[in-house]
Amino acid sequence: MTTVGVPAGWPATEEEARAVQDGLRGRVVLDEPGPPPGTGRVTGVDVAYDDGLDLVAAAAVVLDAATLEVVAEATAVGRVSFPYVPGLLAFREIPTVRAALDRLPCPPGLVVCDGYGVAHPRRFGLASHLGVLTDLPTIGVAKNPFTFTYDDPAPARGGSAPLLDGAEEVGRALRTRDGVKPVFVSAGHRVSLGTALAHTLALTPRYRLPETTRRADALCRQALREAVRAFPADEAASGRPRRDPGDRP
DNA sequence: GCGACAG
DNA sequence: ATCTTGTCGC
């Protein structure tokens, strides 16, 4: 099994990572409506980690937007490329997610990310960053409000309320199921917030989270389990030194 | 300075 | 994200 390494030139510090975000944020496109819901393909991406082994597994699952049936899947396993820092999540997930997307046998259509797009301290969250790098239409659907505020949406499915960064609306809290905690939707790249909300509702006929996210989550966890099981052999095969168990800086 | 903080 | 037992409910 081939593992994805950290890309050359990838930021090594928080300062460098923030500079990269500031350099790329101007390329986010927000004036396109994006692909209509219920047509074409929709792809979910997600990652799972094994911190002890320094591994990250990513999955991309392509669904038919009309039927929500799985059309294609791909996974990739890599080394952790950045620590988790709120606001810098993209640097931890993107290399392996891109590798999984590259392995798909068909175009992904709209990409649904587990996290935020323009709802971000510098308006350049994971979904926007991935969109700019791939030029694919992307949206972010997050499970919690991060640093933002919102009023409780109406209790029925479809109810929504602005997700606010101070007075600025950066996304929406959207109720995807009656009486269930909302999800937090934002535009990523080449998709409007309205289209992002419509896609999110189309992807939640049964559960709180989009089918894309659920399928990708299950697949990347499976890929991680398999990678962990094969780890020592894989490490030897790829010529990487095993980390000394007693070496904990 | 302290606490909070997508995954 | 991940660590983890039981528990309430359809």
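Side chains included, hydrogens not; waters and symmetry mates left out as well; all remaining heavy atoms used.
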Tell me whether Y84(A) is stacked on the nucleobase of dA1(C), counting only the six-membered base ring and applying the 5.5 Å and 30° thresholds. no

dG7(B) OP1/OP2 closer than 4.0 Å to side-chain N/O of N144(A): yes

For the pair made of CG in L130(A) and P in dG7(B), what is the distance, rounded to whole Å? 16 Å

Residues V70(A), V62(A); criterion side-chain contact (heavy atoms from CB on, under 4.5 Å); working and verdict: CA-CA 6 Å; V70(A) 176; V62(A) 185; over 6 Å; no

Rounded to whole angstrom units, what separation is found between the CG atom of L126(A) and the C1' atom of dA1(C)? 13 Å

Return the value, rounded to whole Å, for the distance between atom CG of L209(A) and atom C1' of dA1(C). 14 Å

Could you check whether D50(A) gets within reach of a base, just the sugar-phosphate, or nothing at all, counting any heavy atom under 4.0 Å? nothing

Tell me: CG of L174(A) to P of dA6(B), nearest whole Å? 19 Å

Using a heavy-atom cut-off of 4.0 Å across all strands, would you classify L88(A) as base, sugar-phosphate, or nothing? base

Rounded to whole angstrom units, what separation is found between the CZ atom of R172(A) and the P atom of dA6(B)? 22 Å

Option passing side chain to side chain contact (heavy atoms under 4.5 Å, CB included) with D114(A) (candidates V45(A), L89(A), V97(A), T213(A)): T213(A)

Integer-rounded Å distance: dA6(B) P and H129(A) NE2: 19 Å

Do any side-chain nitrogens or oxygens of R221(A) fall under 4.0 Å of OP1 or OP2 in dA1(C)? yes

Atom CZ of R215(A): over 12 foreign heavy atoms under 6.0 Å: no

Sugar-phosphate only, base, or nothing, as touched by G140(A) at under 4.0 Å among non-hydrogen atoms: nothing

Roughly how many Å is it from CG in L55(A) to P in dG7(B), rounded to a whole number? 22 Å

Taking atom C1' of dC5(B) as reference, at what distance in whole Å does atom CG of L163(A) sit? 13 Å

I want to verify a distance call: between dC5(B), dT2(C), dG7(B), whose nearest atom is closest to the F146(A) side chain? dC5(B)

Using a cut-off of 4.0 Å on non-hydrogen atoms, how would the nucleic acid contact of A119(A) be classed: base, sugar-phosphate, or nothing? nothing

Please tell me if K143(A) has a side-chain N or O lying less than 4.0 Å from either OP1 or OP2 of dA6(B). no

Is R157(A) reaching over with its side chain to a backbone N or O of T176(A), donor-acceptor style, under 3.5 angstrom? yes

Can the ring centroids of W10(A) and F82(A) be said to lie less than 6.0 angstrom from one another? no

If the cut-off is 4.0 Å, is Y49(A) near the phosphate of dG7(B), judged by side-chain N/O to OP1 or OP2? no

